[in-house]
Novice: 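Okay, handing you the structure first.
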Amino acid sequence: MKVLFMGTPDFAKTILEALHENGHEIAAVVTQPDKPKGRKKILTPPPVKEYAIEAGIPVYQPETMKNGAFADTLAAIDPEIIVVAAYGKILPSYILDYPKYGCINAHGSLLPRHRGAAPIQRAILMGDTLTGVTAMYMAEGLDTGDMILKVEVPITDDDNFETLHDKMAEAGSRAMLDALLAIENGTAARTPQDDSLSTYAAKIENKDCALSFDAPLRDVFNHIRGLSPIPGAVALMPSGRTLKILAARMTNEKTDKTPGTVLSTTGGKIAVATKDGVIAITEVQPEGKGKMPAAAFLNGRGIAEGDVLTQPQYE
RNA sequence: CGCGGGGUAGAGCAGCUUGGUAGCUCGUCGGGCUCAUAACCCGGAGGUCAUGAGGUUCAAAUCCCAUCCCCGCAA
């Protein structure tokens, strides 16, 4: 089948790579336009584009596809199926309707749970212990289409956003390969979602990064690892500067101190009180600095026993 | 010209305002104590203070100028 691939970040790149290496005919790739990145506004191509160029696949980066803007190009590519993974834009109906075999999407959750932009992070934040990738037919609504198959991925306490993301990209690759095979064989399932069970995984914003220690230990732990290493859970130090907390461990210790209080700074860990336990912070990134082990931060006297970490306020 | 922080020993920092002796915590090496230790004690090594045979000065990590690099925010 002649495939048109649409996707943007690393998650999509991994899947594109899997399809390409497994002999699928990738007629073209559509990805987001290069975006200015960082302080110097350097135009940075999305990962998918980098791979496509390397593989000699034509790349299209339309600013918009609304109102038929992409129709001519689409007709020229003339795909039999469109495979989408984290593209980042809503596809208009004229595109969804074009391919003979339809549009299929790799979504990073076990639908109908966690529809939306940040399913991987939300799964960790919500304390899920099982997630996965759903291969689905795309419909007009947001991640509402009929499901083809799922590949499950367990979430362990050792996972953070980064490690889970990588596992999910692998699962996504398998899901899409299997889905394509099933479609070619005419055996693809088409299971409608139970809308009553759906949840929405909203995009991660600044306010989602604000870390409150006035919560159960488990929640604090999930908050930290679900946002690590990017963008990072943020706490506020007594100095008024922010401190990103990138890694931590749960402990069995108990305390009755105010949540956020630094209980000890020994052993290279920063022990902080939560609502019902003690969390040991092991890696941080102070404002304006690079990431560093908690031990290094302590050596530089960044924080002391008795200090209280508070929750930053974002609007 | 978006706003801001920074570059000092392997790591993290202080010192700069008010120029004049290279400092702190950790690590590392050696020794000691101990049943033992990531604990404690003693001692040592390790630094072109980002770059510029720049400027000012009797004297620059410190003040001035230029350049490079790193990072946070915003986007």
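Just so we're on the same page: letters track the sequence lines, and every chain starts at 1.
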Novice: Let me know the distance between CG of L243(A) and P of rC73(B), rounded to the nearest Å.
Specialist: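 So the CG-P distance, L243(A) to rC73(B), works out to 12 Å.
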
Novice: Return the nearest nucleotide to the side chain of K244(A); candidates are rG5(B), rG12(B), rG72(B).
Specialist: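 Of the options given, the side chain of K244(A) lies nearest rG72(B).
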
Novice: For rA53(B), give the paired nucleotide (Watson-Crick: N1-N3 plus N6-O4 or O6-N4; G-U: N1-O2 and O6-N3; both under 3.5 Å), or none.
Specialist: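 Across any shown strand, rA53(B) pairs with none.
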
Novice: Separation of Q285(A) atom CD from rG72(B) atom P, in whole Å?
Specialist: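 Checked: the CD to P distance equals 5 Å.
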
Novice: Say you pick atom P in rU62(B) and the same atom in rU21(B); how far apart are they, in whole Å?
Specialist: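 About 12 Å, rounded to a whole number of Å.
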
Novice: Considering Watson-Crick and G-U wobble pairs with both distances under 3.5 Å, what does rG46(B) pair with?
Specialist: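 Paired with no nucleotide.
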
Novice: Using the side chain to side chain donor-acceptor pair (under 3.5 Å) rule, take Y98(A) and D78(A) through it: C-alpha gap first, then chi angles, then the decisive distance, then the call.
Specialist: CA-CA 8 Å; Y98(A) 186 93; D78(A) 193 29; 2.6 Å; yes

Novice: Are H20(A) and I57(A) side-chain neighbours, meaning at least one heavy-atom pair lies under 4.5 Å?
Specialist: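 Yes, their side chains come closer than 4.5 Å.
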
Novice: Taking atom CG of D72(A) as the centre, report whether more than 12 heavy atoms of other residues, nucleotides or ligands fall under 6.0 Å from it.
Specialist: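 No, not enclosed.
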
Novice: Out of rA11(B), rC24(B), rC13(B), which has the shortest distance to the side chain of R301(A)?
Specialist: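 The nucleotide sitting nearest to the side chain is rC24(B).
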
Novice: What distance, rounded to whole Å, do you find between the two P atoms, one in rU28(B) and one in rC64(B)?
Specialist: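 One P to the other, the span is 40 Å.
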
Novice: Using atom CG of N299(A) as one end and atom P of rG27(B) as the other, report the distance to the nearest whole Å.
Specialist: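 Rounded to whole Å, this separation is 8 Å.
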
Novice: Quick one: K289(A) NZ to rA11(B) C1', roughly how many Å, whole number?
Specialist: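 Between C1' of rA11(B) and NZ of K289(A): 13 Å.
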
Novice: Taking the C1' atom in each of rG7(B) and rU51(B), what is the distance between them to the nearest angstrom?
Specialist: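 Between the two C1' atoms, the distance is 11 Å.
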
Novice: Tell me the partner of rA60(B), counting only Watson-Crick (N1-N3 plus N6-O4 or O6-N4) or G-U wobble (N1-O2 and O6-N3) with both under 3.5 Å; none if nothing fits.
Specialist: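 Answer to the pairing question: none, since rA60(B) forms no Watson-Crick or G-U pair.
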
Novice: Between rG7(B) atom P and M292(A) atom CE, what is the distance in whole Å?
Specialist: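 Going from M292(A) (CE) to rG7(B) (P), I get 12 Å.
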
Novice: For V234(A) and for A296(A), find the nucleotide of RNA chain B with the closest heavy atom, then tell me which residue's nucleotide is more 5'.
Specialist: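 It is A296(A), whose closest nucleotide lies nearer the 5' terminus.
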
Novice: Determine the interatomic distance between C1' on rG12(B) and the same-named atom on rC70(B); round to the nearest Å.
Specialist: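 Each nucleotide's C1' atom is 15 Å from the other's.
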
Novice: Can you check the distance between rC63(B) and rC69(B), where both ends of the measurement are the P atom (answer in whole Å)?
Specialist: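 It comes out at 23 Å once rounded to the nearest Å.
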
Novice: Could you give the distance separating rG43(B) and rG4(B) at their P atoms, to the nearest angstrom?
Specialist: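 Straight-line distance between the two P atoms is 47 Å.
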
Novice: If you measure from the P atom in rC29(B) to the same atom in rA38(B), how many Å do you get, rounded?
Specialist: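 Rounded to whole Å, the distance is 12 Å.
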
Novice: May I ask which nucleotide in the shown strands pairs with rC16(B), Watson-Crick or G-U wobble, both distances under 3.5 Å?
Specialist: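 Its partner: none found.
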
Novice: Rounded to the nearest angstrom, tell me the gap between atom CD in E283(A) and atom P in rA11(B).
Specialist: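 Interatomic distance, CD of E283(A) to P of rA11(B): 16 Å.
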
Novice: Report yes if some heavy atom in the side chain of V29(A) is under 4.5 Å from a heavy atom in the side chain of M6(A); otherwise report no.
Specialist: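 Not touching, per the 4.5 Å side-chain cut-off.
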
Novice: Measure from NZ on K291(A) to P on rA11(B) and round the result to the nearest Å.
Specialist: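 Those two atoms, NZ and P, are 18 Å apart.
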
Novice: Where do I104(A) and I148(A) come nearest, in terms of heavy atoms and distance?
Specialist: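 What the structure gives for the nearest pair is CG2-CD1, 3.8 Å.
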
Novice: Are V272(A) and L263(A) connected into the same hydrophobic cluster when the rule is that any two of I, L, V, M, F, W, Y join if their side-chain heavy atoms are below 4.5 Å apart?
Specialist: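 No, no single cluster joins them.
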
Novice: In the structure shown, which nucleotide is the Watson-Crick or G-U wobble counterpart of rG2(B), with both distances under 3.5 Å?
Specialist: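 rC73(B) is the nucleotide pairing with rG2(B).
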
Novice: Can you tell me, in whole Å, how much space there is between the P of rA60(B) and that of rG19(B)?
Specialist: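 Rounded to whole Å, the distance is 14 Å.
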
Novice: Using atom CD of E287(A) as one end and atom C1' of rG6(B) as the other, report the distance to the nearest whole Å.
Specialist: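 E287(A) atom CD is separated from rG6(B) atom C1' by 12 Å.
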
